[in-house]
Amino acid sequence: MALTLAALVAERSLGLRVRAAEAGLDRAIGWVHPTELTDPQAFLEGGELLLTTGLTLDETTSPGYIRRLVDAGVAGLGFGVGLSHESIPRSLVDTAEEVGLPVLEVPRKTPFIAITRAVSRAVAADEYASLVRTGKGQQELTRTAVGKGGPGGVVRKLAKLVDGWVLLLDSSGAVTEASPSARPFADELQEDLARLRAGTLVTVAGEYNVVLQTLDTRARGVLAVGTHEPLDAAGQHIVNTAVSLLSLALEQNREHVGALRRLRSGLCDLLAAGQAELATRTMKSLWGGVPDAPWSVLAVAGPAGTRRSLADVLDAEVAGDKVFFGESGAFVVALGDVETVARQASRLGGLHAGLSDPVSTVDFPAGLRQAKQAAEAAKAERSPLVRFAEHAGRGFLEMVESQAAQAFSDSLLAPLRHHDETGRGELVASLTCWLEHHGHWDLASARLGVHRHTLRNRMRKVAELTGRDLDSPGVRAEFWLALQVSVRT
């Protein structure tokens, strides 16, 4: 911490006495400069303790002299008595008190060099402490970066080192990492972020001084550091170290993520080429598991940038042994918990998904073709999701004469509709939902809001009333066609 006027006065060996503006003694002393010039402004940088014997000063010239020192931004004035003046001119003391410039009386026995040495020792000690703090901070940040903390750990460690808050923002201004209590400041900084192209921008957010600094990465990110007081030299060095470490970490992570995505795409190509055993064995070795078969394949089409955003979300939130995703041409392809993937795609907007019928691992190529066809249909219809079964059914209906199709539908569904009209159940709705979920009891019953045993009883009733075996794929197809005709009309 820099030496203040108050600390200098407290050194009894110097014998300094405060003669004016005692309230300003908390000012830091940048350096000491002795001069007898009546206007030393051209030789000052601000923050100095100016020393003079008042050789050219008197009661008339002192007020103007003090005001020039204030304009130069000096920290205070040390006036040596016993040489040119036995005491400090009264007008000098009064003016200094009026403008708030501290004046210290320096006794004849105290040479100016003693004051210079005292300040010099303090400045050297402050610089050494700053150097030590900088080195320690850099070491702590580096250990955090190479350990398990990652970018988030670096952000939290930096907040502690500067006694403030820290945000790591992406190119859109969204928060990717934050120290405790820092997230609310992100909204206040959006206008400043829009003005920042590269480098550093200093601004304010509430009661905090904020430094915004861009990261040296291809995907432009920004580090925001908020502190109650402006950063000192050590704080600036520590922040610069954090920027370098975060830039390196994010760029390495970018390369790592890119390599994993290329690997996933390669595995999709293996599956599409019929190499299911090799692909699944690789999935297990890398991610510890494979989504349970049979697989419903989801293909997502849309602008390349939005597909990349979907991949970013999947990387961060759902990728693992429950969901596998990769790229196949102009599609993001997913297996496993595809409902979650479809929801993420829908939230982003501008994407269109197609869902295949359930397929075995070896039948993945067929499932991929179905999913892509359904995605293209969804894109044409501007729909967020189209299931292949629906798409195929609609295509078949266009080839069937409408009156014949209607007669077939009415005949097949009549017993079920008659049953529902009596108020004894909801067989048509239950059958539709069950077929939509490919005969999956738990998913269909959850969607209907009934117990799976209730749904099983309803399907047994459908089989009983129609005299058809619902375990037969052909029968299921007939029911699906009848229901689609019913919906169309």
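If you're wondering where the values come from, they're calculated on a predicted model, not measured in any experiment.
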Sub-3.5 Å donor-acceptor pair from the side chain of Ser356 to the main-chain atoms of Val297, do we have one?
yes
How about Gln213 and Asn240: does a side-chain donor come under 3.5 Å of a side-chain acceptor?
yes
For the rings on His438 and His440, is their centre-to-centre separation under 6.0 Å?
no
Can you tell if the side chain of Val103 reaches within under 4.5 Å of the side chain of Val18, non-hydrogen atoms only?
no
Whether Ser120 side chain and Thr116 backbone form a donor-acceptor pair below 3.5 Å
no
Option passing side chain to side chain contact (heavy atoms under 4.5 Å, CB included) with Thr35 (candidates Leu50, Leu51, Thr52)
Leu50
Rounded at 0.5 Å granularity, tell me how far NE2 in His33 sits from CG in Leu44.
5.5 Å
Sorted by first residue and then second, give each side chain to side chain donor-acceptor pair (under 3.5 Å) pair with at least one member in residues 161-170; sequence neighbours left out.
Asp170-Ser172
Does any non-hydrogen side-chain atom of Leu168 lie less than 4.5 Å from one of Leu215?
yes
N/O donor-acceptor pair under 3.5 Å between Gln236 side chain and Leu231 backbone:
yes
Say you draw a straight line from CZ of Arg387 to CG of Leu298; how long is it, rounded to the nearest 0.5 Å?
9.5 Å
Taking atom CZ of Arg68 and atom OG1 of Thr38, what is their separation to the nearest 0.5 Å?
5.5 Å
For the CZ atom of Arg452 and the CG atom of Asp442, what is their distance to the nearest 0.5 Å?
5.5 Å
His451 side chain vs His453 backbone, donor-acceptor pair below 3.5 Å
yes
Can a donor-acceptor pair be found, under 3.5 Å and without considering hydrogens, that links the side chain of Thr280 to the backbone of Ala276?
yes
Judged by atom type as modelled, is there a donor-acceptor pair below 3.5 Å linking the side chain of Ser445 to the main-chain atoms of Trp441?
yes
Greater than 12 external heavy atoms within 6.0 Å of Glu229's CD:
no
Which residue pairs satisfy the side chain to side chain donor-acceptor pair (under 3.5 Å) criterion with at least one member in residues 184-194, sequence neighbours excluded?
Asp192-Arg195, Asp192-Thr203
Can you name the nearest heavy-atom pair linking Ala299 to Ala375, along with the distance?
O-CB, 3.5 Å
What do the steps show when you test Lys160 against Arg156 for side-chain contact (heavy atoms from CB on, under 4.5 Å), and what is the final call?
CA-CA 7 Å; Lys160 292 181 179 179; Arg156 292 186 290 273; 5.8 Å; no
Worked check of side-chain contact (heavy atoms from CB on, under 4.5 Å) between Leu245 and Thr142
CA-CA 7 Å; Leu245 290 170; Thr142 302; 4.0 Å; yes
For Leu271 and Leu368, run side-chain contact (heavy atoms from CB on, under 4.5 Å): C-alpha distance rounded to whole Å, both residues' side-chain angles, the deciding distance at 0.1 Å, then the answer.
CA-CA 9 Å; Leu271 288 170; Leu368 180 61; over 6 Å; no
How long is the gap from CE on Met283 to CG on Leu267, to the nearest 0.5 Å?
5.5 Å
Smallest separation among heavy atoms of Leu483 and Val428, with atom names
CD2-CG1, 4.0 Å
Using the side-chain contact (heavy atoms from CB on, under 4.5 Å) rule, take Leu431 and Trp480 through it: C-alpha gap first, then chi angles, then the decisive distance, then the call.
CA-CA 9 Å; Leu431 176 62; Trp480 181 252; over 6 Å; no
Please walk me through it: do Asp232 and Arg133 pass salt bridge (charged side-chain N to carboxylate O under 4.0 Å, His left out)?
CA-CA 11 Å; Asp232 57 12; Arg133 179 183 163 215; 2.9 Å; yes
What pair of heavy atoms forms the shortest contact from Pro34 to Phe112, and how long is it?
CB-CD1, 4.2 Å
State, with a plain yes or no, whether a side-chain heavy atom of Pro40 is found less than 4.5 Å away from one of Leu69.
yes
Measure the shortest side-chain to side-chain distance between Val210 and Val204 over non-hydrogen atoms and say whether it is less than 4.5 angstrom.
no
Sequence neighbours excluded, the answer for salt bridge (charged side-chain N to carboxylate O under 4.0 Å, His left out) partners of Arg307 is none
Just wondering, are more than 12 heavy atoms of other shown residues or ligands nearer than 6.0 Å to CD in Glu426?
no
Under the 3.5 angstrom rule, does the side chain of Glu97 hit a backbone N or O of Ala21 as a donor-acceptor pair?
yes
Qualifying residues under ring pair (Phe, Tyr, Trp, His ring centres under 6.0 Å), relative to Phe79, sequence neighbours excluded
His85
Result block: side-chain N/O donor-acceptor pairs under 3.5 angstrom for residues 327-337, not counting sequence neighbours:
{"residue": "Ser328", "atom": "OG", "partner": "Lys372", "partner atom": "NZ", "Å": "2.9"}
{"residue": "Asp337", "atom": "OD1", "partner": "Thr340", "partner atom": "OG1", "Å": "3.3"}
{"residue": "Asp337", "atom": "OD2", "partner": "Thr340", "partner atom": "OG1", "Å": "2.6"}

Does the side chain of Pro294 reach to within under 4.5 Å of the side chain of Val359, using non-hydrogen atoms?
no
For the residue pair Trp434 and Arg476, establish whether any side-chain heavy-atom pair is separated by less than 4.5 Å.
yes
May I ask you to test the Leu223-Val166 pair for a side-chain heavy-atom distance under 4.5 Å?
yes
May I ask you to check whether over 12 heavy atoms, not counting those of Glu45, lie within 6.0 Å of atom CD?
no
Closest approach of Ala242 to Leu158 (non-hydrogen atoms, all atoms of both residues)
CB-CD2, 3.6 Å
For residues 222-247, pull every pair meeting ring-ring contact (aromatic ring centres under 6.0 Å, His included), keeping only residues two or more places apart or in separate chains.
Tyr208-His228
Short N-O contact, Glu98 and Arg67, less than 4.0 angstrom:
yes
Do Thr4 and Arg27 come within less than 4.5 Å of each other through their side chains, counting heavy atoms only?
no
Short question: side chain of His352, backbone of Ser383 - any donor-acceptor pair under 3.5 Å?
yes
Using 0.5 Å steps for rounding, measure from the CZ atom of Arg264 to the CZ atom of Phe325.
4.0 Å
Mind listing the closest non-hydrogen atom pair of Leu270 and Ala279 along with its distance?
CB-CB, 4.1 Å
Is Gln370 reaching over with its side chain to a backbone N or O of Leu355, donor-acceptor style, under 3.5 angstrom?
no
Looking only at heavy atoms, the pair that brings Leu385 and Gly354 closest together is CD1-N, 4.3 Å
